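Keep in mind the model is a prediction, meaning the values are calculated, not measured.
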Amino acid sequence: MKDLLQVQQKLIPDLIDKMYKRFSILTTISKNQPVGRRSLSEHMDMTERVLRSETDMLKKQDLIKVKSTGMEITVEGQQVLERLKSYFDIYVDDNRLAEDIRSQFQIKEVHVVPGDADHNQSVKADLGRLAGQLLESSLYEDAIVSVTGGSTMAYVSEAIHLLPFNVFFVPARGGLGENVVFQANTIAASMAQQAGGYYTTMYVPDNVSETTYKTLMLEPSVINTLDKIKQANVTVHGIGDALKMAHRRQSPQEVIDKLQHHQAVGEAFGYYFDNQGHIVHKVKTIGLQLEDLESKDFIFAVAGGQSKGQAIKAYLSIAPKNTVLITDEAAAKIILE
């Protein structure tokens, strides 16, 4: 059943939401019958106008009948409810996880896809696909989008479609010396190509010494890119495992020891934090800083997999309140432990 739900969400992502709305209406009528439209509207927290079109459809399908005393469910309607119950129990579980996380951390939105990205690459693709849809819905003419690197971000870039207006993409940070496919420069270029927009690059190391940092900050190309990053009103980023990110940055042993001593679990934008969200280490990075996020209109944090659950949970305790989290079921359960 869970596999079927995942396939349907991929094929027609808005179908499940529409089905669940009608399933909820049927369920509410069943529990409160006979029930009038006004009373049903109050139970469902839905306008009477919207309910009218939905109940008219349910009536045509002989799933409900309308009497002078109110609406009642038919035998066929009850059979539909019984057949769909186990199906929507899975859907509700994921939505309940999302709402519980949103409520606990007081962020803007949370979206949970079924599965575990650690064990199924298609789940990571699902994360990217959903993040791409949400990102597209926030874009507009001349929007500037800053993006970080990583394998999940690569999936987000693949999900972007050609847009009817111009959008500018910019890497949120320098390169980590990793696979070029996963670097922020590549992701920004890929998104721009998919969207038919524009992009710029920043070919500097992500982690530099104080002397190198001061020198690079005088470079016109770096200054121009950093200015675009500051202007960006949309940010899409991942959340990393602390020690894995430190190794990817080829951090010296004393930094690794420090992170282990302070039990660092997560990383974002060069900030390493423990499971309480306390920042325990900060590397000298060129690019978007954590404090820069406060000025962004849209922030999409995309990360999943059971192994990243603690990292995501730690980050959410310091994340800006307008953050939209896109994660998977396995990570969501760890976040709520």
Side-chain angles (χ1 to χ4, degrees), residues 101-102 104-110 131 135 138 144-150 152-153 156 169-176 183-185 187-188 202 204-210 213 216-217 222-223 225-246 248-249 251 255 258-259 262-303 308-327 331 335:
I101 293 172
R102 190 205 64 76
Q104 181 174 328
F105 294 95
Q106 293 295 297
I107 56 177
K108 185 177 180 180
E109 291 177 27
V110 177
L135 172 61
S138 72
I144 301 176
V145 182
S146 59
V147 299
T148 63
T152 306
M153 289 298 104
V156 177
F169 296 87
V170 59
R173 66 186 186 200
L176 287 173
Q183 289 193 11
N185 282 319
I187 304 299
M202 184 165 59
V204 298
D206 176 71
N207 186 14
V208 296
S209 66
E210 184 69 31
Y213 178 83
L216 288 172
M217 292 299 283
V222 174
I223 293 172
T225 301
L226 288 176
D227 184 53
K228 284 291 185 183
I229 292 173
K230 293 284 186 183
Q231 293 177 43
N233 24 36
V234 182
T235 294
V236 191
H237 70 91
I239 301 168
D241 173 275
L243 292 179
K244 287 182 180 178
M245 288 301 298
R248 283 170 61 186
R249 283 194 169 98
S251 302
V255 171
K258 179 182 179 182
L259 295 177
H262 290 287
Q263 299 180 321
V265 296
E267 184 276 346
F269 308 106
Y271 295 78
Y272 293 85
F273 30 85
D274 63 17
N275 58 14
Q276 300 299 313
H278 299 133
I279 296 171
V280 299
H281 182 66
K282 167 72 172 75
V283 297
K284 199 74 175 179
T285 58
I286 295 179
L288 189 70
Q289 304 298 305
L290 194 57
E291 57 266 26
D292 295 333
L293 292 179
E294 296 292 344
S295 63
K296 307 305 178 188
D297 296 329
F298 299 95
I299 304 168
F300 299 98
V302 193
K308 280 195 178 180
Q310 288 295 338
I312 300 168
K313 181 176 183 177
Y315 173 75
L316 291 180
S317 64
I318 59 172
K321 297 309 178 186
N322 60 332
T323 294
V324 175
L325 173 68
I326 300 98
T327 191
I335 294 168

With sequence neighbours excluded, tell me which residues meet side chain to side chain contact (heavy atoms under 4.5 Å, CB included) with [X].
X	value
E294	P320
Q104	L336
I223	none

What heavy-atom pair brings [X] and [Y] nearest, and what distance separates the two atoms?
X	Y	result
G309	I335	O-CG1, 3.6 Å
P171	N185	CG-OD1, 3.2 Å
A131	V156	CB-CG2, 3.8 Å
V234	S138	CG1-OG, 4.2 Å

- Message: Using the side-chain contact (heavy atoms from CB on, under 4.5 Å) definition, which of the options V170, I144, I286 pairs with I229?
- Response: V170
- Take K258 and V280 through the test side-chain contact (heavy atoms from CB on, under 4.5 Å) and record every step on the way to the result. CA-CA 8 Å; K258 179 182 179 182; V280 299; 5.6 Å; no
- Query: In terms of side-chain geometry, is the basic nitrogen of E267 or R249 positioned less than 4.0 Å from the acidic oxygen of its partner?
  - Reply: yes
- Partner set under salt bridge (Lys or Arg N to Asp or Glu O under 4.0 Å) for D274, not counting sequence neighbours: none
- Query: Sequence neighbours excluded, which residues qualify as salt bridge (Lys or Arg N to Asp or Glu O under 4.0 Å) partners of K108?
  - Reply: none
Rounded distance (nearest 0.5 Å) linking atom [atom1] of [X] with atom [atom2] of [Y]:
X	Y	atom1	atom2	result
N275	Q263	CG	CD	7.0 Å
Y272	K282	OH	NZ	10.0 Å
S146	I299	OG	CD1	9.0 Å
S251	M245	OG	CE	9.0 Å
F105	K321	CZ	NZ	9.0 Å
T285	F269	OG1	CZ	9.5 Å

- Message: Any side-chain to backbone donor/acceptor pair from T323 onto I107? Under 3.5 Å, distance only.
- Response: no
- Message: Using only atom types and a distance under 3.5 Å, with no angle test, would you say the side chain of T225 pairs donor to acceptor with the backbone of V222?
- Response: no
- Message: Determine whether F169 and I187 satisfy the following criterion, side-chain contact (heavy atoms from CB on, under 4.5 Å), listing intermediate values before the conclusion.
- Response: CA-CA 9 Å; F169 296 87; I187 304 299; over 6 Å; no
- Query: Run the side-chain contact (heavy atoms from CB on, under 4.5 Å) check on L288 and R173 step by step: do they pass?
  - Reply: CA-CA 6 Å; L288 189 70; R173 66 186 186 200; over 6 Å; no
- Side chains of H281 and V255: closer than 4.5 Å at any heavy-atom pair? yes
- Task: Evaluate the side-chain contact (heavy atoms from CB on, under 4.5 Å) criterion for residues N322 and L293: first the C-alpha distance (whole Å), next the side-chain angles of each, then the deciding distance (0.1 Å), finally the verdict.
- Result: CA-CA 9 Å; N322 60 332; L293 292 179; over 6 Å; no
Which donor-acceptor pairs under 3.5 Å do side chains of residues 311-318 form with protein atoms, sequence neighbours excluded?
residue, atom, partner, partner atom, Å
K313, NZ, E337, O, 2.7
Y315, OH, H237, NE2, 3.3
S317, OG, A314, O, 2.6

